[in-house]
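Following: one structure in structure tokens, then a few remarks.
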Amino acid sequence: MSTINLFQFGKGNIGGALIRQVADRAGSLAEATGLSFEYIGICGRNHLVFDPGGLNTALSGPGGLDRLLEDGDIREDYPGAAAMIDRLLGGPGGPGDPPGNLCVVDTTSAEMTEVHLACLRRGVPVVTANKKPITDRSAAYEEIRRLGRADRMRYWYETTAGAGLPIVSTVRELVDTGDVVTRIAGCLSGTLGYICSQLDHGRTFSEIVREAKELGYTEPDPRDDLNGMDVARKALILAREIGYRLELDDLEIEGMVSDALLDAPSVDAFMAMLTGEDAAYAQRVESGGDRGQVLRYVATVGDGTCRVGLENVDRDSPLGSLAGPDNMVVCTTKRYRDNPLIVRGPGAGPEVTAGGLFGDLIKAARALPGGDHP
């Protein structure tokens, strides 16, 4: 039996779902694979719990994670990611060596590039849903890639571009096996996909966004979805996978609302201004419908460039057939030239994303020395 010690940054919707999935599957996973995951530390926004001896017993008790992070006896103030990683890995004032078979998990959306690099430099694998480190400046990305794929795979980031869908691994496998990816087109946001598919039914844009916010499909500030930056980061990840040397600033990014709305002084002010977009959306939907097209928010990678924005696509095309929050990528390659390779499925939601992270955790564990169990 191999025990993998987990230290996790983030305990929000995705992080909490991952902890529950690992706990619920612990017994059957150990029996089936010989792998055992033991949480030794979990960081929230303000507090952390840390015990090198293991937290699983406490996590399975009454109240579990909430009790530990809200009023548990071992709760501490969170010192910040950099200080915590020094303590964990052996920086100034820290222990001499990190715990054995350590794996660091990042479910945050914070600036964590240096934390990821610190782990990889010490040979500690990282499993992440955080897009920011691998869409950071090219030099940082190249070092993450070099360290993460040195003597064995140590950097696992499948969920950064498609939640639980195998988008990154599919693209990477195409490249690794010598195929040439000439174009990627995809709908990579469940939130924006939901909004676009509701526009197909003749509803107003402002009404749909308000509903999406109430249903929890958007971020608390919907501008964080509607500005297109989340999709842009996903597109950049895929572009870099096929060898494009691009920075985030090189991308052409069209948001779903005007700059005036994005600059609104508050979320409430933004929501109140949404009706000003309704007429333009209605006209664009009607114009496309007359040509048998629907509106989709599309990321396009090809010819050395990368663009994200609204497009009218044929209703009977793969992207046009999408409904609700599903994601899709269509890869045209040397091998898949006449019949492109398509990956489609749920691309959003805490449980789906946590499931993708859990899959990466198992792969990371098997890549550790002594972790190659059946």
Side-chain angles (χ1 to χ4, degrees), residues 12-14 17 109 129 131 159-165 167 185-235 238 253-258 261-262 267 270-271 273-286 288-289 293-300 308-330 342-356:
N13 291 337
I14 294 171
S109 59
K131 298 179 246 328
T159 57
T160 58
L165 295 179
I167 293 175
C187 293
L188 300 173
S189 167
T191 301
L192 304 189
Y194 174 79
I195 292 171
C196 287
S197 66
Q198 290 299 304
L199 286 168
D200 296 346
H201 301 298
R203 301 179 64 192
T204 65
F205 177 72
S206 60
E207 175 190 13
I208 299 167
V209 174
R210 289 190 186 98
E211 178 184 74
K213 185 175 186 297
E214 290 170 1
L215 292 172
Y217 290 172
T218 72
E219 295 294 328
D221 186 342
R223 289 174 292 184
D224 292 338
D225 298 294
L226 297 171
N227 64 10
M229 286 303 299
D230 180 67
V231 175
R233 288 187 183 276
K234 294 175 181 178
L238 298 181
I253 304 170
E254 175 197 3
M256 285 192 73
V257 293
S258 64
L261 266 74
L262 293 176
V267 175
F270 165 75
M271 298 300 290
M273 296 166 66
L274 274 176
T275 54
E277 304 283 306
D278 288 344
Y281 269 100
Q283 182 178 9
R284 190 161 182 177
V285 170
E286 182 180 1
Q293 295 180 322
V294 291
L295 199 60
R296 295 290 182 263
Y297 195 84
V298 181
T300 305
V308 300
L310 286 164
E311 293 184 17
N312 283 102
V313 301
D314 290 342
R315 188 183 298 276
D316 58 359
S317 68
L319 295 181
S321 70
L322 273 179
D326 275 7
N327 281 9
M328 175 187 288
V329 292
V330 180
I342 297 174
V343 180
R344 175 179 180 169
E351 295 297 328
V352 169
T353 305

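With rounding to the nearest 0.5 Å, the separation of CG in D224 from CG in L262 is 10.0 Å. Expressed to the nearest 0.5 Å, how far CG of N227 lies from CE of M229 amounts to 6.5 Å. Atoms CD1 and OG1, from I14 and T353 in turn, are 4.5 Å apart once rounded to the nearest 0.5 Å. Here the straight-line distance linking atom OG1 of T218 with atom CZ of R223 works out to 11.5 Å at 0.5 Å rounding. Note that CG of D278 and CD1 of I208 are 8.5 Å apart. Values are rounded to the nearest 0.5 Å. Here the CE atom belonging to M256 is positioned 9.0 Å from the OG atom belonging to S189, to the nearest 0.5 angstrom.
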- [ ] Show your working on side chain to side chain contact (heavy atoms under 4.5 Å, CB included) between F205 and V285 and close with a plain yes or no.
- [x] CA-CA 10 Å; F205 177 72; V285 170; over 6 Å; no
- [ ] Determine, stepwise, if the pair Y281 / T204 fulfils side chain to side chain contact (heavy atoms under 4.5 Å, CB included).
- [x] CA-CA 8 Å; Y281 269 100; T204 65; over 6 Å; no
- [ ] Determine, stepwise, if the pair K131 / D230 fulfils salt bridge (charged side-chain N to carboxylate O under 4.0 Å, His left out).
- [x] CA-CA 8 Å; K131 298 179 246 328; D230 180 67; 3.2 Å; yes
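When side chains are defined from C-beta on, T300 counts as touching E311, because their heavy atoms get closer than 4.5 Å. Side-chain contact between P222 and T191 is absent, with no heavy atoms from C-beta onward closer than 4.5 Å. Inter-residue side-chain proximity for R344 and S321 is flagged as met; some heavy-atom pair is nearer than 4.5 Å. In this structure, K213 and V267 have side chains that are in contact, with non-hydrogen atoms separated by less than 4.5 Å. Contact check for S258 versus E277: side-chain heavy atoms found under the 4.5 Å cut-off. Contact annotation: the side chain of V313 approaches that of V294 to within less than 4.5 Å [non-hydrogen atoms, C-beta and beyond]. Considering only heavy atoms from C-beta on, L226 stays 4.5 Å or farther from L261 through its side chain. Looking at L238 and L188, their side chains come closer than 4.5 Å, going by heavy atoms from C-beta outward.
When all heavy atoms are compared, the tightest approach of L322 to N327 is CD2-O, 4.2 Å. Residues A185 and L319 come closest through the heavy atom pair CB-CD1, 4.3 Å. Contact record, V352 with A163: CG1-CB, 4.1 Å, taken as the closest heavy-atom pair. Shown here for A299 and V308, the closest heavy-atom pair between the two residues is CB-CG1, 3.7 Å. Heavy atoms only, all atoms of each residue included: C187 and R296 are closest at SG-CB, 4.1 Å. Contact between L310 and C196 at its shortest, heavy atoms only, is CD2-SG, 4.2 Å.
Between Y194 and Y217, the two ring planes are perpendicular [angle over 60°; tilted spans 30° to 60°].
The backbone N or O of G320 lies less than 3.5 Å from no partner atom in the side chain of D314, so there is not a single donor-acceptor pair. Judged by distance alone, the side chain of S197 and the main-chain N or O of G324 form a donor-acceptor pair under 3.5 Å.
Within 6.0 Å of the CG atom in N13, the count of heavy atoms belonging to other residues, nucleotides or ligands does not exceed 12.
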